[in-house]
Amino acid sequence: MKFISGTLLLMIMMACQSNKTQSVIQTNEILNTDQSQISYSDCGQGKITLLFVHGWNINKSYWSQQQERFCGDYRVITLDLPGFGNSKNLIGDYSMTSYGKDVSMLIEQLGLRNVVLIGHSMGGRVILETAQANDRVIALVGVDNFKEVSQQMTDELMAEVNGFMDWLKVDFVTNSPAYADQYLIHSETDSSVRRRILHDYSNANKESAISAIEAYLSYEFQEKDQLFKLSIPLYLISSDMSPVDTLGLKSTGLDSKVYEMNQTGHFPMVEQPEIFNEYLSNALTEIMQTIEN
């Protein structure tokens with residue numbers, strides 16, 4: 001595999017049990033819009049809705065352990081981004097803005113209120129776009145993303161981005177999981193979780209994956225500007241495999257908080273789900289207090 005610098009790696013990484021005992025019914029539905037056919041799941045009820053958005057090359061099933069934990073206390077929605085999982089992209093637009101509209105349309109058509117958007121990797125930029133134009137969103141939770149808010153796109157970095165994209169296009173089926181195996185998964189991660197991630201990276205739709213990661217990388221200049229515009233809290237649950245630029249995050253003026261996890265890679269919700277769920281629960285407790293005050 002060709003060498004990938006730490007800066008480029010961070011950019012791409014930011015792309016790629018309830019205490020109640022009653023049973024919770026989960027439904028799987030399809031929402032048709034003018035630009036997408038969105039597969040989503042829906043369970044639970046409560047004052048707050050948790051809407052989970054997955055990252056590059058994976059799908060809504062990566063949130064199953066969060067559904068088990070939180071459906072007893074909240075309404076929980078997970079969706080497949082169009083072009084991934086069981087959702088279809090009808091217009092061929094894989095931009096973060098277009099994905100943001102998909103999520104916003106889901107919120108509007110389902111009549112969701114007090115929505116906390118939880119976005120993993122690339123999903124962070126998707127929920128950032130959603131929050132710009134939807135006043136039903138009350139907080140964002142980024143999962144291993146928003147790590148280098150002050151990153152500048154230099155000529156050298158652009159050359160690395162282009163080289164990475166060329167490398168992916170040459171043999172996506174081999175190179176996509178090879179990248180994930182070397183850079184994104186912790187060495188102590190359970191072997192079955194590792195195999196699952198590598199399988200999904202290898203079997204993702206190539207057209208969707210290439211288009212989405214190109215759009216994600218081109219969004220670099222917009223991220224900080226969009227964060228500046230936010231007026232709602234931002235929580236980060238982040239792997240310590242790479243640090244969060246807390247000074248850059250602070251410069252946005254956002255009300256933000258970082259929960260750092262160790263012994264996990266880029267997929268903490270499946271690599272260390274119990275710890276991840278506790279951090280998310282802590283964030284949700286704070287968010288719930290804000291809407292009750």
Side-chain angles (χ1 to χ4, degrees), residues 14-16 25-44 49-68 70-71 75-110 112 115-131 134 137 140-145 172 176-177 180 184 193 196-216 266-270 273:
M14 292 183 287
C16 348
I25 297 174
Q26 176 179 312
T27 62
N28 292 287
E29 312 285 349
I30 296 291
L31 176 73
N32 292 297
T33 75
D34 58 354
Q35 65 179 37
S36 306
Q37 188 178 79
I38 302 173
S39 173
Y40 71 95
S41 66
D42 189 351
C43 66
T49 297
L50 311 184
L51 201 166
F52 291 87
V53 180
H54 64 80
W56 189 51
N57 285 346
I58 57 175
N59 55 67
K60 66 179 182 291
S61 70
Y62 277 65
W63 302 113
S64 62
Q65 293 179 82
Q66 286 65 58
Q67 289 173 309
E68 292 174 9
F70 294 106
C71 279
R75 185 173 182 181
V76 176
I77 308 289
T78 68
L79 78 154
D80 287 333
L81 289 173
F84 298 93
N86 294 317
S87 292
K88 296 180 181 179
N89 190 318
L90 304 179
I91 60 174
D93 185 350
Y94 296 89
S95 67
M96 300 302 101
T97 301
S98 181
Y99 276 144
K101 289 178 181 177
D102 284 314
V103 177
S104 191
M105 283 189 282
L106 186 73
I107 291 171
E108 296 295 332
Q109 293 197 34
L110 296 184
L112 305 180
V115 179
V116 178
L117 294 176
I118 301 108
H120 168 249
S121 189
M122 182 184 78
R125 290 180 174 176
V126 174
I127 65 172
L128 182 57
E129 280 294 307
T130 303
N134 199 308
V137 179
L140 301 184
V141 179
V143 181
D144 213 46
N145 43 29
F172 178 83
S176 176
L184 303 184
V193 174
R196 175 189 184 185
I197 295 168
L198 299 183
H199 173 272
D200 290 342
Y201 264 60
S202 179
N203 288 276
N205 180 285
K206 178 180 177 180
E207 178 186 353
S208 301
I210 293 293
S211 297
I213 198 64
E214 284 183 319
Y216 167 80
H266 188 50
F267 307 87
M269 64 283 200
V270 292

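All residue numbers in this chain count up from 1 along the given sequence.
A cation-pi arrangement is absent between R125 and Y99 under the rule of less than 6.0 angstrom and at most 45 degrees off the ring axis.
Remark: aromatic rings of H120 and F52 are distant, center separation not under 6.0 Å.
How far CD of Q37 is from CD1 of I30: 5.5 Å, rounded to the nearest 0.5 Å. Note that CG of N32 is 8.0 Å distant from CG of L90, once rounded to the nearest 0.5 Å. Summarising the geometry, atom CG belonging to L117 is positioned 11.5 Å from atom CD1 belonging to I77; distances are rounded to the nearest 0.5 Å. A distance of 9.5 Å separates CG in L106 from OG1 in T33, rounded to the nearest 0.5 Å. Put simply, OG on S104 and CD on Q109 are 10.0 Å apart, with the number rounded to the nearest 0.5 Å. Note that the CD1 atom of I127 and the CG atom of L51 stand 9.5 Å from one another [nearest 0.5 Å].
Every residue meeting the side chain to side chain contact (heavy atoms under 4.5 Å, CB included) condition with I91, not counting sequence neighbours, appears here in chain and number order: Q35, N89, D93, S98. Applying the salt bridge (Lys or Arg N to Asp or Glu O under 4.0 Å) rule to D200 yields no partners; only residues at least two apart in sequence or on another chain are considered. Remark: N205 engages E207, S208 in a side chain to side chain contact (heavy atoms under 4.5 Å, CB included) (not counting sequence neighbours). Annotation: salt bridge (Lys or Arg N to Asp or Glu O under 4.0 Å) contacts of E29 (sequence neighbours excluded): none. For Q26, the side chain to side chain contact (heavy atoms under 4.5 Å, CB included) partners are N28, S41, C43, Q67, not counting sequence neighbours.
Using a 4.5 Å heavy-atom threshold, the side chains of Y201 and L184 count as touching. Counting heavy atoms from C-beta on, the side chains of P268 and V143 come closer than 4.5 Å. Between I197 and Y62 there is a side-chain heavy-atom pair separated by less than 4.5 Å. By the 4.5 Å heavy-atom criterion applied to side chains, Y216 and Y94 are not counted as neighbours. Two residues are said to be in side-chain contact when any heavy atoms from C-beta on lie closer than 4.5 Å; Q66 and L50 fail this criterion. Counting heavy atoms from C-beta outward, I210 and F172 have side chains that approach closer than 4.5 Å. Side chains of F84 and I58 form no contact here, defined as non-hydrogen atoms less than 4.5 Å apart. Taking 4.5 Å as the limit, every side-chain heavy atom of V103 sits out of range of all side-chain heavy atoms of E129.
One N or O on the side chain of D80 and one on the backbone of K60 form a donor-acceptor pair closer than 3.5 Å. A distance-only check finds a donor-acceptor pair linking the side chain of H54 to the backbone of L81 [under 3.5 Å].
The shortest non-hydrogen separation linking V141 to V116 is CG2-CG1, 3.9 Å. Nearest heavy-atom pair, G123 versus V53, reported as atom, atom and distance to 0.1 Å: CA-CG1, 4.0 Å. The two residues L198 and A180 come nearest to each other via the heavy atoms CD2-CB, 4.2 Å. The nearest pair of heavy atoms linking S87 to P82 is CB-CA, 3.7 Å. Considering all non-hydrogen atoms of both residues, A131 and L140 come closest at CB-CD2, 4.0 Å. Contact detail for M269 and Q65: the closest heavy-atom pair is O-NE2, 4.1 Å.
Here the rule is side chain to side chain contact (heavy atoms under 4.5 Å, CB included) with M105, and of D34, N134, I38 only D34 fits it.
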### Task
Tell me, with the steps shown, if W63 and V76 meet side-chain contact (heavy atoms from CB on, under 4.5 Å).
CA-CA 10 Å; W63 302 113; V76 176; over 6 Å; no
### Query
Please walk me through it: do I213 and M122 pass side-chain contact (heavy atoms from CB on, under 4.5 Å)?
CA-CA 8 Å; I213 198 64; M122 182 184 78; 5.5 Å; no
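Listed by first then second residue, pairs satisfying salt bridge (Lys or Arg N to Asp or Glu O under 4.0 Å) with a partner in residues 97-110 read E108-R136, not counting sequence neighbours.
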